[in-house]
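Below: the structure, in structure tokens.
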Number of protein chains: 2
Amino acid sequence: MSDEETETLAGTVAEVKEVGAGQIIVRQGVSLSECNLLVAGMVCRYKDLHGGQRQILELHLAGDFVDLHSFPLKRLEHNIRSLTRVRIAIVPHDRLKRVTEEHPHLARLLWFSTLLDAAIHREWILSIGRRSALGRVAHLLCELFVRMDVIGAVHDGRYPLPITQMDLADATGLTAVHVNRMLKKLRDDKLLTFRNGEVSVHDWDGLSRVADFDPAYLYLERRPR
Amino acid sequence: MSDEETETLAGTVAEVKEVGAGQIIVRQGVSLSECNLLVAGMVCRYKDLHGGQRQILELHLAGDFVDLHSFPLKRLEHNIRSLTRVRIAIVPHDRLKRVTEEHPHLARLLWFSTLLDAAIHREWILSIGRRSALGRVAHLLCELFVRMDVIGAVHDGRYPLPITQMDLADATGLTAVHVNRMLKKLRDDKLLTFRNGEVSVHDWDGLSRVADFDPAYLYLERRPR
DNA sequence: CGATAAATTGAGGCGCATCAAAGAACGTGG
DNA sequence: CCACGTTCTTTGATGCGCCTCAATTTATCG
């Protein structure tokens, strides 16, 4: 994104607000007229079954345009909830409409951003469908390592992860008890430690191997305009 | 989509070709300069782990713009394979670029179409992560019923599904053996029959209940321009 | 510092996988 | 149109990975 485009996008922000941890930011089925750009903190998208089972669909970090897809979709079929205290920039749909019509390249970048979410969804389908419990946990923590690294949140192989093991369970399709056992195994195998809201990677190559991790799906390479 | 927009989009087609069953249409990682619009037949997107386990990510029916997301993404991180003999319309990226710049509303419709895929991905994450094996199979067959109905392929509660039980297994994160048992149970419970490449739904309400199916994620309602 | 939520560990059970083999459907060529 | 190989479906027997239930320890927060 060019500096000019960054400025154009920044100009669409109508308001910046703070929300506490554990708050529902967008509720499924509600008609929407604005999007939420996550400035600081962490949120998740999730869905529940009637039986009460919860599945987290994606984890979002600072910089993510959490519900940009509500612009074309008009409503969401899932909920969005803050995992920590968060700062959110509000972008009205009508401003997005104007900006995307006047700036085709920026429009494609925004489109790209929603497609990146879809690519992450697909990797999660693979993960939950075919990876072992250990592989699933390892893979998720690999993904977050790379995404945290992109936003400069990794230092000395460590990054903050202020969520519970139950959240990890809901993201991987496991139970909190089993996630705990898998984390113990990763720790015992000297691959990584997750403690006090921080992930510390000790052996990236070993971890990637267990996770069968390939960052290609995160589309990190520089792209032509 | 207006008649004029339909015509505009039709004008972007450079070529229509036929491909046999079981052919790879797009290979992961390859740089792309055109998209494939499925005119007839059925294709799937899938990914493999190094261990050889396969996961199908989405099933596509006639009318689906199978890899429209390659337009902004430039390459795909998964494969696309024909499940049956298919007819495909080829749309070059440069024509899409021109059309989307000149027709903002059509651009949003195309964006919407890729977001619908993402919504389907999310429902699959929920399905594979939290539904029972029976629920997963039932839910997938519910989804296909509704999508087949949209394209007018459902007659007397029946629709064609020319794929194998192994394909169903790869789509639901199960084994072919267990899918077979779940199909038997659905049959014994008089909910549906899947035989000779055709699904016959006997009890939609019962099936929906077992699947915990809610078609909201398919965004079927009419939307404002 | 007390209350509450989260992490940890153990014991036991179930759902789905794995392995195996027979039967049915399908495609292909004679 | 039938013979035949191949793929797909079906069913049974067995095992394991993850879930469930439960209790204790540790962290978090007002």
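Naming: A, B, ... by sequence-line order, numbering from 1 per chain.
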Contact nearer the 5' end of DNA chain D, comparing A:N196 with B:M166: B:M166
Which is true for [X] with a 4.0 Å heavy-atom rule: it touches a base, it touches only sugar-phosphate, or it touches nothing?
| X | answer |
| --- | --- |
| B:R181 | base |
| B:G197 | nothing |
| B:G173 | sugar-phosphate |
| B:R195 | sugar-phosphate |
| A:L183 | nothing |

Spacing of [X] atom [atom1] relative to [N] atom [atom2], expressed in whole Å:
| X | N | atom1 | atom2 | value |
| --- | --- | --- | --- | --- |
| A:L161 | C:dA6 | CG | C1' | 14 Å |
| B:L168 | D:dT9 | CG | C1' | 12 Å |
| A:I163 | D:dT28 | CD1 | P | 15 Å |
| B:M182 | C:dC16 | CE | C1' | 8 Å |
| A:H178 | C:dG10 | NE2 | C1' | 15 Å |
| A:K185 | C:dT9 | NZ | C1' | 17 Å |
| A:Q165 | C:dT9 | CD | P | 10 Å |
| B:F194 | D:dC8 | CZ | P | 12 Å |

N/O (side chain, A:T164) to phosphate O (OP1/OP2, C:dA6) under 4.0 Å: no
Short side-chain N/O contact to C:dT8 OP1/OP2 from A:N180, under 4.0 Å: yes
Nucleotide of C:dG10, D:dC18, D:dG12 approaching A:V177 most closely (side-chain heavy atoms): C:dG10
Selected nucleotide, minimal atom distance to A:T175 side chain, candidates D:dT20, D:dT11, D:dT9: D:dT20
Side chain proximity check, A:R136 to A:H178, heavy atoms < 4.5 angstrom: no
From CA spacing to verdict: side-chain contact (heavy atoms from CB on, under 4.5 Å), A:L61, A:L38: CA-CA 7 Å; A:L61 320 181; A:L38 187 60; 5.6 Å; no
A:Y219 ring center within less than 6.0 Å of B:H69 ring center: no
Flag the pair [X] and [Y] as a salt bridge only when some basic side-chain nitrogen lies within less than 4.0 angstrom of an acidic carboxylate oxygen.
| X | Y | result |
| --- | --- | --- |
| A:K47 | B:E123 | yes |
| A:R130 | B:D170 | yes |
| A:R75 | B:E221 | yes |

Donor-acceptor side-chain pairing of A:W124 and A:E143 below 3.5 angstrom: yes
Selection: residues 124-134 of chain B, any non-hydrogen atom under 4.0 Å of DNA chain D: none
Parallel, tilted or perpendicular: rings of B:W111 and A:F71 (30°, 60°): perpendicular
